[in-house]
Student: 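Below is the structure I would like to discuss, written out as structure tokens.
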Amino acid sequence: MNQSPPTPTDPRSVLAQRTPFFYGWAVVLAAGSTMFVRNAAATLTIAVFVFPMSEDLGWSRTLIVGAAAAAGVVSMFVSPLAGWILQRYGARVLMASSVFILGAVILSLRWTTNPISFYVLFGAGRLMFQAPLQIGASTAVAQWFVRMRGRSSSMLGVSHSLGMGLFPLFAQLFMNAN
């Protein structure tokens with residue numbers, strides 16, 4: 001994707017002039033938050049729900065965990081599509097639509113009562129987790145940084161790791177509260 005240098009009326013230039021800090025760090029914060037919340041559909045989080053779901057819904061644990069495995073296989077085919085969308089429309093469109101879909105899926109999972117709807121909903125959330133959010137966040141940050149690209153990218157990794165560690169804890173706390 002060829003980008004022209006910023007002009008005085010370009011939104012990037014306007015932001016750079018109006019913020020007292022380098023605006024790329026705001027991009028790191030926003031992208032890092034998506035890397036954090038994407039762990040809501042991670043296998044580490046679903047692992048907390050496997051036993052209660054199998055008891056409550058009468059499903060086997062294999063059936064529940066199979067949704068994550070199936071979505072992982074399907075994501076191999078979605079990743080190139082996510083890359084194409086990223087090149088065609090940019091990281092903003094890819095990430096905004098992915099976070100919206102992930103949020104809708106996570107909220108909709110509450111009402112799932114049969115394995116097919118669970119596979120479709122959890123699979124869609126896992127697809128957003130696997131490809132679009134990972135590719136979009138790292139690309140958005142890389143486009144803002146040259147000299148400190150390694151440091152900014154490592155902050156994405158830290159936010160993802162924090163989400164991996166905290167989301168299963170959040171899930172368990174919410175289950176214990178009910």
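We're numbering straight along the sequence, starting at 1.
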Student: Can you check whether Ile85 reaches Pro132 side chain to side chain, under 4.5 Å on heavy atoms?
Tutor: no
Student: Does any non-hydrogen side-chain atom of Leu102 lie less than 4.5 Å from one of Leu133?
Tutor: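 Of all side-chain heavy-atom pairs linking Leu102 with Leu133, at least one is under 4.5 Å.
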Student: Val65 and Leu121: same hydrophobic cluster, using ILVMFWY side-chain contacts below 4.5 Å?
Tutor: yes
Student: Are Ile135 and Val93 connected in the hydrophobic side-chain network, where two residues link if heavy atoms are under 4.5 Å apart?
Tutor: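 The answer is yes; both residues are in one hydrophobic cluster.
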Student: Val105 versus Phe122: any side-chain heavy-atom pair under 4.5 Å?
Tutor: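 Not touching, per the 4.5 Å side-chain cut-off.
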Student: Carefully, step by step, assess Leu63 and Tyr119 under the rule side chain to side chain contact (heavy atoms under 4.5 Å, CB included).
Tutor: CA-CA 9 Å; Leu63 181 119; Tyr119 267 66; 4.2 Å; yes
Student: With hydrophobic residues grouped by side-chain heavy-atom distances under 4.5 Å, do Phe145 and Met95 end up in a single group?
Tutor: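 Unlinked, Phe145 and Met95 end up in two clusters.
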Student: Would you sort out whether Met175 and Phe49 count as a side chain to side chain contact (heavy atoms under 4.5 Å, CB included), showing the intermediate values?
Tutor: CA-CA 9 Å; Met175 277 196 308; Phe49 293 103; 3.6 Å; yes
Student: Output yes when a side-chain donor or acceptor of Ser152 lies under 3.5 Å from a complementary backbone atom of Arg149, and no otherwise.
Tutor: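 Answer holds: yes.
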Student: Test of understanding: clusters of I, L, V, M, F, W, Y form through side-chain heavy atoms closer than 4.5 Å, transitively. Do Val74 and Val120 belong to the same one?
Tutor: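 Each belongs to a different hydrophobic cluster.
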Student: Any side-chain to backbone donor/acceptor pair from Ser159 onto Ser33? Under 3.5 Å, distance only.
Tutor: no
Student: Over 60° means perpendicular and under 30° means parallel, so tell me whether Phe167 and Phe170 are parallel, tilted or perpendicular.
Tutor: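 Perpendicular: the ring planes of Phe167 and Phe170 meet at over 60°.
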Student: What do you reckon, are the aromatic ring centroids of Trp111 and Phe118 less than 6.0 Å apart?
Tutor: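 Not under 6.0 Å, so no.
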Student: Using the ring of each side chain (for Trp, its six-membered ring), is Trp84 parallel, tilted or perpendicular to Tyr89, with breaks at 30° and 60°?
Tutor: perpendicular
Student: Met35, Ile101: one ILVMFWY side-chain cluster at the under-4.5 Å cut-off?
Tutor: no
Student: Look up atom CG in Leu29 and atom OH in Tyr23, then write down how far apart they are to the nearest 0.5 Å.
Tutor: 10.0 Å
Student: Okay, side chain of Thr139, backbone of Gly136: is any donor-acceptor separation there less than 3.5 Å?
Tutor: no
Student: Rounded to the nearest 0.5 Å, what's the gap from CD1 on Ile64 to CG on Leu57? Could you check?
Tutor: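 Answer rounded to 0.5 Å: 6.5 Å.
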Student: Would you say that Trp25 contacts Trp144 through its side chain, given a criterion of any heavy-atom pair below 4.5 Å between the two side chains?
Tutor: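 With C-beta onward as the side chain, the pair stays apart.
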Student: Would you compute the distance between atom CD1 of Ile46 and atom CE of Met53 and round it to the nearest 0.5 angstrom?
Tutor: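 The CD1 atom of Ile46 sits 5.0 Å away from the CE atom of Met53.
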Student: In this structure, are over 12 heavy atoms from other groups packed under 6.0 Å from Arg92 atom CZ?
Tutor: no
Student: Taking side chain as C-beta onward, heavy atoms only, is His160 less than 4.5 Å from Phe36?
Tutor: no
Student: Which atom names give the shortest non-hydrogen contact between Ala137 and Thr34, and what distance separates them?
Tutor: CB-OG1, 4.0 Å
Student: Measure the CD-OG distance between Gln134 and Ser79 for me, rounded to the nearest 0.5 Å.
Tutor: 9.5 Å
